[in-house]
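First, the structure itself, so that you have it in front of you.
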Amino acid sequence: MKKKIRNFFLHEERNARDFFIVEMLFRQSVMTLPFLLIASFVVSIIFFLDGDVPKYTIIIWLSLLTLVILCRIRLQKAFFKSVIRRHKDVKWVEIQYRRFFTLALLTAILSGLSVPLFVPYLQNSYYTFGLFIFIVGIAAGAIASLFPSPILATLYTLFLTLPLIVLLLEKGETGATVDALAISLLIVMLATVAQTTRKFMQRTRAQKRMIDQKEEELRTLFEQTPIPVFYFDRQLHVKKFNQAFKKFFGHLSDKDLTNFDVHKIRNKKIISLFKSVIKKGEEVEYDGPFHSSFQNQEFYLHAKIVPLYNDEGEIIGGIASFQDKTLEAESIEYLEKLAAHDPLTELGNRRGLLQALQQLVSHREGDLKPSLLFYLDLNGFKPINDTLGHNFGDRVLQEVSKLLRSLGPDGGNVFRYGGDEFVILYPHCCDTEEEARQKGISFAKEINRRLRREIFVDQYHLSMHASIGIILITAGMKDPNEIIRQADVAMYQAKSNKLEYTFYSFDMDRERKKSFLLRQSLSSPLLTEELELYYQPIYSMGDYRIVGAEALVRWKHPNLGKLMPQEFISLAVECGEISRIGNWVRQEVCRLLHRTEERGEILRFVSINVDANELGDKNFTQRVRQQIEEFGVDPKRIVLEITENSLVDNFNLLQNNISELKEMGLRWAIDDFGVGYSSLSYLQRLSFSILKIDRSFIASLLNDPETPFLIAHISRIATQLGYKIIAEGIETRQQLDKLLQIYPEMMCQGFFFEKPMNEEQFLDLIAKEEKALRSDSHKMKK
């Protein structure tokens, strides 16, 4: 019990410091004090007119009660006047509570004293009953207004009703006792109601605090969020906005923004989105330009607009948030520009070219006039880089870029595709394809003419030259990458054939695809199983006897059919497969020579073509030695042919291997003599066994008067140096007769005698030759 009492008074101490409790007490008493004052005057007037109650008693009681009530009213006014300024002052709040507490108890005491002061003089039972109602009414009013403070409400009621209860109990009458108990019970019930009300108030207060806290959090979040946010009503008028929204529009005043009509926005698309949210109740987003009506400034915005509903689910407006994406959009635009331009030359780069082509081919086919694309590769640029350095090379590229930009036709664009490759795009240049072709030829020639004359860097005048691939872009061509690829094919064709320019054709693609297929097939492990060796006989010109043969490889490709050496040997060199092919050829030749010996047939030699790349292999001589020893072949019966150009270009690198193979007994032949450098000094230094005059001399033998003279002198000089002479490519009797007149000691080969044949056909031919020789020998003996 003591603990409960102690807790009760401790709770009261907390009440004295709780501003909310104190404020509630003052606010609840605002209406009750005037009522109490009026009721006191009414009771006093009634008793004053009755005549039984002493007048001075009524006057004194009423004066004291009125004074206390007026003090309380004055205290109320002072409290509400200072509450805003001092509500956080705990000491001040506590003082106000103590004053309220004291004056309230005085009010209760004075009101309760009316019973012992007036009842003894009252003869009329109605007056007595009215006084009791006055006391009970004041008690009920006190309970209703003082419930925020349980101890004050309890003491107030106790001091107010205790004289009445004591008076009733003193009468000793049953009715009076019942009345006393009824009043006590009523007071207890009122106290219980007050306590319940207080608990409800506490719960309400706690909920209000939570609501206030949430509202404060939301308000703070709304106000301090860095994203501009505002509410608008169904008429699209701005109703509320945060600080970020004001800042977004240059810190405008609330007056400028409140009730701003969204319809005034210049961007009609955004207005339609606001209307859509109100009409359909669906969330919408917007990314794009926005022109501020307040600042006359252009932004790039991301806007999100959502509907706002009331408790009944009706749309009452919407909420819009902005994000200023201007800097981001400008950065993306700058990066896209940077990504589409070459920083060295300030020309468009590969990506820029693809974008320009995509835009070009996106037009409707009927609107697309022929366009031209020039793909340039600078010839001889690598030596400039290697000799004068990359910085100098960069300056050359800059000068070339300036020149190409100045040459660019109206509406044309110049791009640096990479390295020393440039592309010029000339969209919709002509009305017809033929006109476009003529313009392409003229422009390509002008490019190279200016490149040769106008490139100056420091003290150097650089005579530049470009291989140019040209493609005609017509309706139906929709793939930019394919267009560039075809232009590259045309450029490569021009470069390979040492041409100034070449227009793309589908034949080039077929050749390139064929080349690609061959490159893949060359690396196949089944390659040597698809090779076949042919032999073209070599005859002595005097008696037309077979003295040797040239081994010629053919490739029975599973998809492309039979391929001649010129179709795949150069690719084999590039792919590093020439050693595998050469090794197989020598193996087959050694096997053939071994077979002819076993059959007793005499074949003086077989010549084998050797590539300089293969001959430069450090293991080449060792492999040749192993093959000769494996088949037991006389090395003198093998002649290795190498072209004149390969010898001159790689003489120092190949000299050791050539000498070592000569020491082994193999003989050497210079192939295609006369079409390359034709340096007679190399004939002396090499000391080869055979010189083969190129077929181009034989082709012009009958038409060019200088050719017989050249053949005659080459043959005599070579013979004096110890060479045997072979003339290649004899196809007619007239050519053979002319050669007999010029130099009858030479050997010859060509279609006039035999075409290349497979091994079995060649062995049959040798067998017939051997049989004819034996027959002639037998006749001579007879």
Side-chain angles (χ1 to χ4, degrees), residues 8-44 57-87 89-118 131 134-165 187 190-191 193-195 197-198 201:
F8 181 80
F9 283 100
L10 286 175
H11 184 70
E12 188 62 24
E13 287 295 322
R14 287 197 297 270
N15 284 347
R17 294 176 177 84
D18 191 332
F19 171 75
F20 179 77
I21 297 295
V22 175
E23 184 186 26
M24 286 290 293
L25 287 171
F26 274 98
R27 291 193 181 282
Q28 292 294 330
S29 65
V30 170
M31 295 299 297
T32 59
L33 288 177
F35 172 78
L36 177 59
L37 184 60
I38 294 170
S40 300
F41 270 95
V42 170
V43 169
S44 298
T57 303
I58 297 173
I59 294 171
I60 294 172
W61 175 80
L62 179 62
S63 298
L64 292 174
L65 183 59
T66 301
L67 180 62
V68 172
I69 293 173
L70 291 176
C71 287
R72 290 181 66 184
I73 292 173
R74 183 180 178 185
L75 182 65
Q76 283 179 351
K77 292 182 178 180
F79 176 84
F80 290 123
K81 185 177 181 180
S82 304
V83 67
I84 297 176
R85 179 167 46 88
R86 306 188 64 179
H87 68 282
D89 186 347
V90 177
K91 188 66 176 177
W92 178 82
V93 171
E94 186 175 358
I95 292 171
Q96 300 304 308
Y97 177 78
R98 297 304 177 199
R99 290 175 178 176
F100 183 94
F101 190 94
T102 302
L103 292 174
L105 288 183
L106 284 174
T107 305
I109 293 170
L110 288 173
S111 298
L113 286 174
S114 63
V115 173
L117 290 175
F118 299 153
L131 182 60
F134 171 73
I135 297 299
V136 172
I138 293 175
I143 292 294
S145 62
L146 300 178
F147 71 87
S149 174
I151 189 170
L152 178 58
T154 302
L155 292 175
Y156 190 101
T157 307
L158 181 63
F159 289 152
L160 178 65
T161 60
L162 185 60
L164 176 60
I165 294 172
I187 298 304
L190 290 173
V193 171
Q195 188 66 22
T197 305
R198 174 183 170 81
M201 180 200 71

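Keep in mind it's a predicted model, so treat the numbers as computed, not measured.
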CZ/Phe35: more than 12 non-hydrogen atoms of other groups inside 6.0 Å:
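Atom CZ in Phe35 is not packed in, count stays at 12 or less.
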Could you list the residues that satisfy side-chain hydrogen bond (donor to acceptor under 3.5 Å, both in side chains) with Arg99, not counting sequence neighbours?
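Arg99 satisfies side-chain hydrogen bond (donor to acceptor under 3.5 Å, both in side chains) with no other residue.
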Apply ring pair (Phe, Tyr, Trp, His ring centres under 6.0 Å) to Phe100 and list each qualifying residue two or more places apart in sequence or on a separate chain.
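By the ring pair (Phe, Tyr, Trp, His ring centres under 6.0 Å) rule, Phe100 matches Phe26.
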Rounded distance (nearest 0.5 Å) linking atom CG of Leu160 with atom CG of Leu105:
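Between Leu160 CG and Leu105 CG, I get 11.0 Å after rounding to 0.5 Å.
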Tyr156 side, atom OH; Phe101 side, atom CZ - distance, nearest 0.5 Å:
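Rounded to the nearest 0.5 Å, the OH-CZ separation comes out at 12.5 Å.
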Residues 60-74 side chain polar contacts: donor-acceptor under 3.5 Å, at least two apart:
| from | atom 1 | to | atom 2 | distance (Å) |
| --- | --- | --- | --- | --- |
| Trp61 | NE1 | Leu110 | O | 2.5 |
| Ser63 | OG | Ile59 | O | 2.6 |
| Thr66 | OG1 | Leu62 | O | 2.7 |
| Arg72 | NH1 | Thr107 | OG1 | 3.2 |

What heavy-atom pair brings Ser111 and Ser114 nearest, and what distance separates the two atoms?
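In terms of heavy atoms, the two residues are closest at O-OG, 2.6 Å.
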